[in-house]
Number of protein chains: 2
Amino acid sequence: MSLEKFRLTSQNCCDCQIRYRAVCAHCENDELAQLENIKFYRSFEPGQTVVWAGDRMDFVASVVSGVATLNQTMEDGRRQMVGLLLPSDFVGRPGRLTATHDVTAVTDLVLCCFRKAPFERLIRDVPHLGSRLLEMTLDELDASRQWMLVLGRKAAREKIASLLAIVAQRMAALAGDRTPDAGMAGAGMAGGPASGPAEPGLLSFDLPLTREAMADYLGLTLETVSRQMTALKTDGLIRLEGARRIVIPDLPRLVRAAGDDADGGMVDQTR
Amino acid sequence: MSLEKFRLTSQNCCDCQIRYRAVCAHCENDELAQLENIKFYRSFEPGQTVVWAGDRMDFVASVVSGVATLNQTMEDGRRQMVGLLLPSDFVGRPGRLTATHDVTAVTDLVLCCFRKAPFERLIRDVPHLGSRLLEMTLDELDASRQWMLVLGRKAAREKIASLLAIVAQRMAALAGDRTPDAGMAGAGMAGGPASGPAEPGLLSFDLPLTREAMADYLGLTLETVSRQMTALKTDGLIRLEGARRIVIPDLPRLVRAAGDDADGGMVDQTR
DNA sequence: CGGCCGATTGAAGACCCTCAAGTCGCGTGG
DNA sequence: CCACGCGACTTGAGGGTCTTCAATCGGCCG
């Protein structure tokens with residue numbers, strides 16, 4: 001099983017599915033070669049823990065395929081998901097010895113790992129690597145601040161809509177990178193591409209999260225998540241095919257239900 | 001007024017209060033000289049807006065003295081604070097044309113600004129600068145994820161305690177850098193230093209936030225903040241001297257009330 | 001003094017959580 | 001084939017926490 005996954009993943013950076021999205025995105029071929037020297041792949045099955053918070057972590061990594069979560073836990077058991085890691089996302093922190101959060105695979109997961117010490121050297125010596133990592137970290141920071149608004153100020157229904165809209169958009173962007181059936185478990189699109197303002201924006205995807213994981217992301221209970229999911233379904237904002245497959249008939253409408261502007265709340269360069 | 005502030009701030013980087021904490025912390029003297037060429041100071045009064053979300057922003061900056069907030073606003077007026085900027089914190093994002101959040105001064109504020117285009121060049125050319133910015137951004141990301149736990153999973157009382165504990169610790173760390181009365185409005189300590197496990201940890205500081213700002217930070221209403229503040233006061237966890245000055249007789253106890261472990265959860269994970 | 005702003009306090013109710021059944025899908029084994 | 005068990009999900013009823021709306025208090029400044 002683990003070996004099978006191993007073989008599915010190209011060992012050659014040039015053919016890699018996340019070649020132009022991951023931390024290595026801006027690297028030239030010679031720089032890629034240096035990364036190849038210190039990289040190795042690791043596979044995980046759903047539910048497996050990649051690292052526990054506080055554990056020593058001797059590598060950093062890119063998610064090649066699959067989905068993982070970053071979780072924070074309190075002593076009494078309360079949990080908050082603080083990151084949802086999709087393909088091309090970066091795991092771990094250069095310049096730190098131990099992990100700050102639990103990292104858990106929620107689907108079959110393949111990581112492209114780099115030994116930490118040499119990676120830290122490359123960050124210094126390869127400008128394209130350091131600048132890309134900075135850029136990705138700044139993006140992560142923006143995303144996590146966006147999420148603070150969701151957690152702090154949105155009602156349960158808006159929270160669910162926000163999660164679905166964001167995952168849908170990220171899945172669609174990833175699916176655009178490659179053949180629809182490659183890599184991520186079940187990720188793909190039906191209907192037209194996500195962009196195009198005249199289009200209804202029909203798209204569908206497998207949401208690889210249990211109700212409990214969604215609740216942990218949104219600061220809700222799983223019961224509330226379930227109730228709001230059926231509410232969104234009866235209101236026609238989403239359709240459910242089985243428990244996991246989500247169909248979004250009208251993305252702008254869902255985005256409005258999330259409390260954001262129809263354009264997705266992203267950059268607004270006017271004013 | 002603005003001129004007075006201007007003069008209070010040293011123009012010489014070597015004498016700067018935030019010399020060893022800000023983005024320039026790791027720079028050598030010659031590198032500092034390059035920064036000095038592109039820097040300029042700007043002062044703001046309480047309530048003034050530094051930039052609006054969506055506005056074009058031609059500089060990045062370090063907070064020299066005072067406190068500012070990073071706010072996100074929804075169309076219907078709901079607001080969430082996504083960052084609390086204290087001296088040495090970095091403002092703005094290299095590689096982006098417009099601001100993503102409102103930045104507002106909550107006290108008298110002095111920014112050490114760098115023109116963006118040349119600063120972006122320095123990030124590439126001066127390794128000490130780029131690596132420090134990456135480090136600070138990773139720290140910010142950790143802090144914002146810590147805050148997601150507060151927003152998503154903590155009760156009102158724990159939220160307040162978390163805010164007070166974090167601000168107290170940051171203020172104490174800053175005050176340790178320099179003479180107690182320099183720079184930040186009213187920031188200082190009474191009693192022993194914050195560290196030292198045998199000590200009760202008595203400390204006090206001016207909390208430069210209105211109840212409304214605290215509510216915006218915590219995802220609460222200002223009424224709830226007020227109620228929980230008086231509850232903490234009657235329970236002896238804090239004392240109030242006037243509306244703004246906070247005395248914390250027993251920091252570990254406050255940290256426990258925040259739901260965190262007594263060590264503060266902020267484990268020093270440096271290599 | 002009067003006006004204003006921030007903070008406090010009170011009462012009623014909405015929203016979400018807690019606890020508890022009950023359902024659905026699916027693989028196992030009698 | 002169907003009973004059984006298991007995990008994920010759904011649905012229901014009741015209660016608690018926080019919000020909402022409103023009145024009051026207190027300090028500051030003209």
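Residue numbers begin at 1 in each chain, while the letters A, B, ... track the order of the sequences. Every value quoted in this text rests on a predicted model; they were computed, and no experiment measured them.
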Fill in: Euclidean distance, A:Gln48 CD relative to A:Arg42 CZ, rounded to 0.5 Å
9.0 Å
Worksheet entry | Nearest-0.5 Å distance that lies between atom CG in B:Leu163 and atom CD in B:Gln228 | 13.0 Å
Worksheet item: Between A:Thr234 (side chain) and A:Thr230 (backbone), is there a donor-acceptor pair under 3.5 Å?
Response: yes
Practice prompt. Kindly state which residues belonging to residues 210-222 of chain B come within less than 4.0 angstrom of DNA chain C, counting heavy atoms of the residue only, listed by number.
Written response: B:Thr210, B:Arg211, B:Leu222
Practice prompt. Take atom NZ of B:Lys154 and atom C1' of D:dT17, then tell me their distance rounded to the nearest Å.
Written response: 18 Å
Show the distances under 3.5 angstrom between N or O atoms of the protein and N or O atoms of nucleotides 19-28 of chain C.
{"from": "C:dC19", "atom 1": "N4", "to": "A:Glu223", "atom 2": "OE2", "distance (Å)": "3.0"}

Practice prompt. Would you give the length of the straight line joining atom OG1 of A:Thr73 to atom CG of B:Leu149, rounded to the nearest 0.5 angstrom?
Written response: 8.5 Å
Response to the item:
From CG of A:Leu209 across to C1' of D:dC9 the rounded distance in Å is 15 Å
Worksheet item: Nearest-Å distance, CZ (B:Arg153) to C1' (C:dT18)?
Response: 13 Å
Practice prompt. Send over the distance from A:Arg78 CZ to D:dT17 P, rounded to a whole Å.
Written response: 13 Å
Item to complete: Can you sort out which residues in residues 155-165 of chain A have a heavy atom within less than 4.0 Å of DNA chain C? Ascending by number, please.
Response: A:Ala155, A:Ala156
Worksheet item: Just checking, any donor-acceptor pair under 3.5 angstrom between side chains of A:Thr104 and A:Asp102?
Response: no
Can you give me the N/O atom pairs linking the protein to nucleotides 28-30 of chain D at distances under 3.5 Å, or say none if there are none?
none

Worksheet item: Tell me the salt bridge (charged side-chain N to carboxylate O under 4.0 Å, His left out) pairs involving residues 221-241 of chain B, sequence neighbours left out?
Response: B:Arg157-B:Asp235
Worksheet entry | Value rounded to 0.5 Å, distance of OG1 in A:Thr69 from CG in A:Leu86 | 11.0 Å
Fill in: Distance in Å, B:Ile160 CD1 paired with B:Leu164 CG, rounded so as to fall on 0.5 Å steps
6.5 Å
Discussion item. Check whether B:Thr107 reaches the backbone of B:Val67 with its side chain - one donor and one acceptor, N or O, closer than 3.5 Å.
Written reply: yes
Practice prompt. Kindly say whether B:Ala258 contributes a backbone atom to a donor-acceptor pair with the side chain of B:Lys154 at under 3.5 angstrom?
Written response: yes
Worksheet item: Is the side chain of A:Trp147 donor-acceptor paired with the backbone N or O of A:Asp142 at a distance under 3.5 Å, no angle test?
Response: no
Discussion item. Main chain of A:Trp52, side chain of A:Thr49: is a donor-acceptor contact present, judged purely on distance under 3.5 Å?
Written reply: no
Worksheet, complete the sentence: Whole-Å distance, B:Met229 CE to C:dG6 P, equals 16 Å
Practice prompt. Calculate the interatomic distance between B:Gln228 atom CD and D:dC18 atom C1'; express it in whole Å.
Written response: 9 Å
Discussion item. For residues 75-87 of chain A, which residue pairs pass the side chain to side chain donor-acceptor pair (under 3.5 Å) check, not counting sequence neighbours?
Written reply: A:Asp76-A:Arg78, A:Arg78-B:Glu158, A:Arg79-A:Asp216
Worksheet item: Is there a side-chain polar atom (N or O) of B:Thr224 under 4.0 Å from OP1 or OP2 of D:dT17?
Response: no
